[in-house]
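Keep in mind that the numbers below use all heavy atoms, side chains included, and drop hydrogens, waters and symmetry copies.
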Amino acid sequence: MAFRGILGGRTLSCPPATNLERWYLEVSEGRQVWKYKDEPHTGPDSTASKYLVGLPIEETCPALPKPDSPKDALRNAIEFFSKLQTDDGHWAGDYGGPMFLLPGYAIVMYITKSPIPEENKREMIRYLCNLQNEDGGWGIHIESVSTVFGTALNYVAMRIFGMERDHSVMERARKWLDDKQGCLSIPSWGKFWLAVLNVYSWDGVNSLFPEMVLLPQAFPLHTQRMWCYARTVYMPMSFLYGLRFSAPVDDLILELRRDLIPGEWDSVDWVGNRNNVHSIDLYTPHSTLLNIFYKVTGWYEKIAPRWLRKRALDWIYEVITSEHDFTKYICIGPVNKMTNMLIVWIREGPESPQFKAALERVPDYLWMGTDGMKMNGTNGSQLWDTSFLVQGLIETSMRDQFKDVFKKAHDFVDLTQIQVNHPQHRKYYRDETKGGWPFSTRDMGWIVADCTGEGLKAALICKQQKYTDTPLSDERLFDAADILIKMQNTTGGYATCEKTRGSHFFELLNASEVFGEIMIDYDYVECTSSALQGLCQFRKMYPDHRSAEITRAIDRAVGYLFSAQLPDGSFEGMWGVCFTYGTWFALDGLGMAGYDYTHPAIQKACEFLVAHQKDDGGWGETFMSCVDRKYTQHPESQVVNTAWAVLALLKAHYPDQAVIKAGVRLLLARQQADGDWAQEAICGVFNKNCMISYSNFKNIFPIWALARYTEAYPDDTSL
């Protein structure tokens, strides 16, 4: 299938809308908040702040001596990246990519009349101008072709931020939408947001059936069996649907109706458009079961008892309140962050302490990047990135030269571990959390299996190497191993935040239309590998702690990974692009458990990678590998894909050094004079069809690959 996306990155056609020197990333215990200062900032983290918005940093990160060997290049890379470590020990980075997040922010801020700083508005407009496709539309993510979902919602956001209707950017967007029936063919999440804003009618939205939460919890399709990310989005959406909440009509809303709805708003056949989704948007068509469900619940909506609806909404609000308590009002992600905040505004009022607390945490999601201001996919990837970098550094013999980097990184890993179980967690559909690590920060409150595995490895490394005066206690490390044992599924695999609760049958009710495999928490190669590696490393250091149970967990995880191998030898990655990512994770996990190239399955995985090496020695996949679930070559090698492949082959002890050296040469050729690498194609993904950025991966994984290579071939001093 031909590539469907934006190749080769984007030219940032819109100049900065503010004075970039006044932007400063304020960090504290992982929390990242961009501030616009009265004058240029020169204090802690000023280098990172300048770098992240695209300002030159030659004064602190000058050109380094030209490397004569892979080890020299590695030294340059570490020297550069260590200067971007924040004062609290992590590495901050862009975690944007999805193009449907900022509109939710704009809509809720508009409805609640919450002020948006003018400098933020200007940079958000710049961001959306930079990301507009040549045809006038916006996609579901930053490298996507234009979609109705992306175009209609971002048109609304631009108007809320103050872009004039007759601006050429808006005219081009309207032209694109006019050819697609306006927003009538927008997918279900878009219908939801536009109905909340009163641009679209709730009559055109299929029932979200709030009463689903009142079913017996043993019922196979109960809400608590959903994947936590789907559950925490569905529940507030169903609350707003159950209220039929819509913003009061004003001049802007009337204008948006005229721009986005073909014909007269009052004469639209709303019911007839409930299932109208444009083919360019549709990824997961409705199943027969879902259509039956919609017919039944559509009939139910006509007779729904008020007392039963109220009971469902009251319970949903109680669960939302618990989410705010558990996450210090951050919430699991940006979609339920904004819907939850709107619901608090409706229930408690704009002057309530609850609403003010929710509003105060909104900046945690806003990211000022080189292309403008966006909304991140979570409140960051702080723990994830930091744990990886620790592991990369430990594999080089130069590790002792960077003790301060290790110490600061350890301190961040230390403070980020979640050391409690949330009160009444089971009542509110939550699992235990004590001992686990989150993806971003401690305050976010949700642990993840792979983040726990990676955090545990980082903590063990720093303790074993004595890179900290305050290592984690044995008890806290035991807690981490214990929670990993508890999180393992009966298959031997690991899901994300919770054990898998529902059956694959639940996926037949996937109503998103734009995402795949969203309804339950599945086993993943990446999560399983991270947990497996964490337990293997823990067992080496603590062989007597629950030894039989840990050995059993390791053996079952190994069994799952072998079973997940595809016929061509690859492993599919579900959180990164894609088969190079999954295969690296699998081979690193199996390698930690003692399997290498002497095993036939490892040989087959290596041969898969070698077969996809490009003529220049590198590897490169487009995000269509994730969408179509088959390897799709990028026209150009990608630094991150190449690093993953090199890491995998080295871990497997692949015997042909020349193959690996060719990949290393690609990494060296792309390295810049200061030790940095340029940002290339997007490399993260979720739910098959939406890509997400990991801006630190371009540094972390080349560093790790070079570290592993220079230790495997210490006598190789040639470039």
Distance-only check: which donor-acceptor pairs under 3.5 Å involve side-chain atoms of residues 212-219, not counting sequence neighbours?
none

Going by the rule side chain to side chain donor-acceptor pair (under 3.5 Å), which residues pair with S695 if we only count those two or more places apart in sequence or in a different chain?
none
Results of side chain to side chain donor-acceptor pair (under 3.5 Å) for Y317 - residues two or more places apart only:
E348
Any side-chain donor-acceptor pair under 3.5 Å between [X] and [Y]?
X: S547; Y: R539; result: no
X: K457; Y: Q537; result: no
X: N379; Y: T441; result: yes
X: D450; Y: Y494; result: no
X: T500; Y: D521; result: no
X: E323; Y: N336; result: yes
X: E395; Y: W704; result: yes
X: E526; Y: S530; result: no
X: H286; Y: E513; result: yes

Can you tell me how far CD of E517 sits from CG of N510, rounded to the nearest 0.5 angstrom?
9.5 Å
Kindly write out the residues that satisfy side chain to side chain contact (heavy atoms under 4.5 Å, CB included) with Q633, not counting sequence neighbours, or none if the list is empty.
H612, K614, Y631
Suppose we screen for side chain to side chain contact (heavy atoms under 4.5 Å, CB included). Which residues come up paired with A92, at least two apart in sequence or across chains?
L25, Q32, L52, T86, H90, W367
Test: salt bridge (Lys or Arg N to Asp or Glu O under 4.0 Å). Region: residues 231-242. Which pairs qualify, not counting sequence neighbours?
R231-E498
Scan residues 576-601 for pairs that pass salt bridge (Lys or Arg N to Asp or Glu O under 4.0 Å), counting only residues two or more places apart or in two chains.
D588-R708
Under the rule for salt bridge (charged side-chain N to carboxylate O under 4.0 Å, His left out), what residues qualify as partners of [X], not counting sequence neighbours?
X: D94; answer: K374
X: D281; answer: none
X: E507; answer: none
X: R476; answer: D414

Do the charged groups of [X] and [Y] touch, with an N to O distance under 4.0 Å?
X: D314; Y: R311; result: no
X: R546; Y: D482; result: yes
X: K688; Y: E572; result: no
X: R31; Y: D364; result: yes
X: K486; Y: D431; result: no

Do Y365 side-chain atoms and I330 backbone N/O form a donor-acceptor pair below 3.5 Å?
yes
Q488 side-chain N/O to A553 backbone N/O, donor-acceptor pair under 3.5 Å
yes
How are the rings of H222 and Y429 set to each other: parallel, tilted or perpendicular (split at 30° and 60°)?
perpendicular
Start with the C-alpha gap between F515 and W189, add the side-chain angles, then the distance that decides, and say whether ring-ring contact (aromatic ring centres under 6.0 Å, His included) holds.
CA-CA 11 Å; F515 304 119; W189 282 31; 5.1 Å; yes
If you count the non-hydrogen atoms of other residues, nucleotides and ligands that lie under 6.0 Å from NZ in K463, is the total more than 12?
yes
Decide if the gap between the ring center of W575 and the ring center of F686 is smaller than 6.0 angstrom.
no
Kindly write out the residues that satisfy ring-ring contact (aromatic ring centres under 6.0 Å, His included) with Y95, not counting sequence neighbours, or none if the list is empty.
F439, Y694
Apply the side-chain contact (heavy atoms from CB on, under 4.5 Å) test between W437 and each candidate in I418, V448, I447, V413; give the one that qualifies.
V413
With a cut-off of under 6.0 Å to the ring centre and 45° to the axis, is R501 in cation-pi contact with W227?
no
